[in-house]
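Not measured: the values here are computed from a predicted model. In what follows, every chain begins at residue 1, and chains take the letters A, B, ... in the order their sequences are listed. Only this structure's heavy atoms are used, side chains among them; waters, hydrogens and symmetry mates stay out.
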There are 2 protein chains.
Amino acid sequence: MMPISDSKQSERRAASLPIALTMGDACGIGPEIIARLWRTALADGCFVVGDVAAMRRAVALTGGLLAVARIDCAADALDMPPACVPVLQVDAIPSDLLDARVGQVDARAGKAAALSIEAAVRLVLGGEAGAIVTAPIHKEAFAAAGVPYPGHTEMLQALAARGGVAPPVRMMLANDQLRTVLVTIHMSLRDAIEAVTFDAVLETIQITHRCAQRAGQHQPRIAVAGLNPHAGEAGLFGDEELRIIGPAVEAARREGIDARGPFAPDTVFMRARHAPAPAGSPAGTTGHVGEFDFVVAMTHDHGLIPVKYLGVENGVNVTLGLPFVRTSPDHGTAFDIAGTAVADPSSLLAALRMARTLMSTA
Amino acid sequence: MMPISDSKQSERRAASLPIALTMGDACGIGPEIIARLWRTALADGCFVVGDVAAMRRAVALTGGLLAVARIDCAADALDMPPACVPVLQVDAIPSDLLDARVGQVDARAGKAAALSIEAAVRLVLGGEAGAIVTAPIHKEAFAAAGVPYPGHTEMLQALAARGGVAPPVRMMLANDQLRTVLVTIHMSLRDAIEAVTFDAVLETIQITHRCAQRAGQHQPRIAVAGLNPHAGEAGLFGDEELRIIGPAVEAARREGIDARGPFAPDTVFMRARHAPAPAGSPAGTTGHVGEFDFVVAMTHDHGLIPVKYLGVENGVNVTLGLPFVRTSPDHGTAFDIAGTAVADPSSLLAALRMARTLMSTA
């Protein structure tokens, strides 16, 4: 393990490094929503990892007026003229990538997407990029290209493995008001109940805590939701809170983590919601001040229902537990609208903002 | 069964009848939040079923300036002078009720609360009241008084029984933006999964449909949420959607009900959310138009997390399936603040508004 002082130094450096945006599946909306990003000031210090030709096509599709510049190394992204999209060309991307039909599954697009992710991970692990924001890939295109991972998360875990051991990760879904970290995700509710173990809950709390600390938050307030209605009402409606979740919260507290709960699922998200008074409100208007910085949720839908409730445009997916910051928009390749220039870049913008927040150190 | 024309007539009559507010537990915040109601125009046409002395105390506590008038029958409530709280005294209420200490469990308060509910149900079943809005009771006080029901719902079901058969009911939680009806409520998540049966889902859809029709909505749009993440993703994460929920939705549709789904739980509530543009918004501002009128949720927390997410003040609890309209605020007796005049009547106000909405016929 790296000594703390070195690690701190590398974190400080990371915050000033450029951000790598992987192009995603070139037949989906990835390239065009990335191109739109360069119409905002937010893209400063970012660069695309992918294919120059595909990005040129996306820029033309979304109204031109931007130059696409091939760069040789990530650092070049920090010194670009305005209205210029820096692209680090990934060597092995098939030269006939643009022959792949937009809106359809194509092995070439799958291969290009996977290669872009690999390249981005090399950059971030090598200290050349500060974070990765991934545009959507298509799972079937991945499979058609023979990529040995079902999706981003598994691929990133494998690429981040040390000594053959992949780091445990958790999915966080976040927007401006709420951040929830999930103990279980893509399994039946029946299986999810079995997967709520002491270790799984404690590890989720620890991962959440470490991620927040790396982002400069010394003592994040982590609420842990229960599994059962009213968090079991003292064992009356299920005992997972007494047997599993409560003890995991206690164990985390003994490690100095400010974890609290288990709380009733139906009100903990409301309590954590952070909604400052809207701009232009009369003087003295206060918004809703959230009691917690994160909510750890036992199931996919307990956690995602409240994050998505006010609209999915600004939802950001964050993979916690990797040795680098990785965020992504909370939507897919949207093959049905790809190539028509109507795709909304809001979630990608939010993912980029979130990456900057998580990179910043205190 | 009543012929349809008679039933329609009785519904029209119900809409102009006074609304009975049960006093709730006199040691809790019920009487004081009811008293506050009379500082608004909304209380017109309402009357309290309970105890005159307890209401006098609550009026004094909350700042006076209101008269409390003992009325002899419900109809008197329709012809009251301003700033006057009509109370129908329930005969058997213990005369030493005010000796019960505010903020504590007391059998006398439990008994008075139960008697008030009984009296209110007699009035609404006898055609003298149009709806019941219930102030909170305390379950322990009910038990101390020997009331043979754990809470409101069971008591109302029993009082509404015909031929010894209690009507099946469902809990709806609603606010201005969202109405969710729950298939399962106070049981462990493990048991809830087992309780999601074809009959339970279909009956929930039917009860929801009938309630909306009685309130004058001819063809309510009922979304049915799945149980598993992504509604099972075609059987990949659980098969309850394929085996149980989907067939129940189909069966409801064959009866002419506009039921749809099962939908992914994490987005269906967002899709149903109805949020008109706020007053004072610039011209042309549109809010979020909900796609559905109701969402049927399989579990307590899937349904309640989104309704409570924006704040619990305006949540209303509605018992669907009774032969009359019954709403209640979504909070308890709040013994910790009872008697201090700080209790917020917002949820009770919302419950009263909801009762009027459900009484109104097309």
Item to complete: With sequence neighbours left out, write down each residue that passes side chain to side chain contact (heavy atoms under 4.5 Å, CB included) with B:Pro265, or none if nothing qualifies.
Response: A:Asp301, A:Ile305, B:His302

Item to complete: Please list, chain by chain and in numerical order, all residues satisfying side chain to side chain contact (heavy atoms under 4.5 Å, CB included) with B:Asp176, sequence neighbours excluded.
Response: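 Side chain to side chain contact (heavy atoms under 4.5 Å, CB included) list for B:Asp176, sorted by chain: empty.
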
Fill in: Distance, nearest 0.5 Å, that separates NZ of B:Lys308 from CZ of A:Arg273
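B:Lys308 atom NZ to A:Arg273 atom CZ measures 15.0 Å (nearest 0.5 Å).
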
Worksheet item: How would you list, by chain and number, every residue that makes a side-chain hydrogen bond (donor to acceptor under 3.5 Å, both in side chains) with B:Glu291, sequence neighbours excluded?
Response: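 Testing B:Glu291 for side-chain hydrogen bond (donor to acceptor under 3.5 Å, both in side chains), a comparison that skips the adjacent residues, returns B:Arg271.
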
Discussion item. Restricting to non-hydrogen atoms, name the atom on B:Tyr309 and the atom on A:Phe269 that form the minimum distance, rounded to 0.1 Å.
Written reply: CE1-O, 3.4 Å

Worksheet entry | Contact listing (chain B partner; residues 233-249 of chain A; heavy atom under 4.5 Å) | A:Phe237, A:Gly238, A:Glu240

Fill in: Best-contacting candidate, A:Ile193, A:Leu304, A:Val268, A:Val307, against chain B by heavy atom pairs under 4.5 angstrom
A:Ile193

Worksheet item: Hey, which of A:Thr184, A:Asp191, A:Leu227, A:Asp266 has the most heavy atom pairs under 4.5 Å with chain B?
Response: A:Asp266

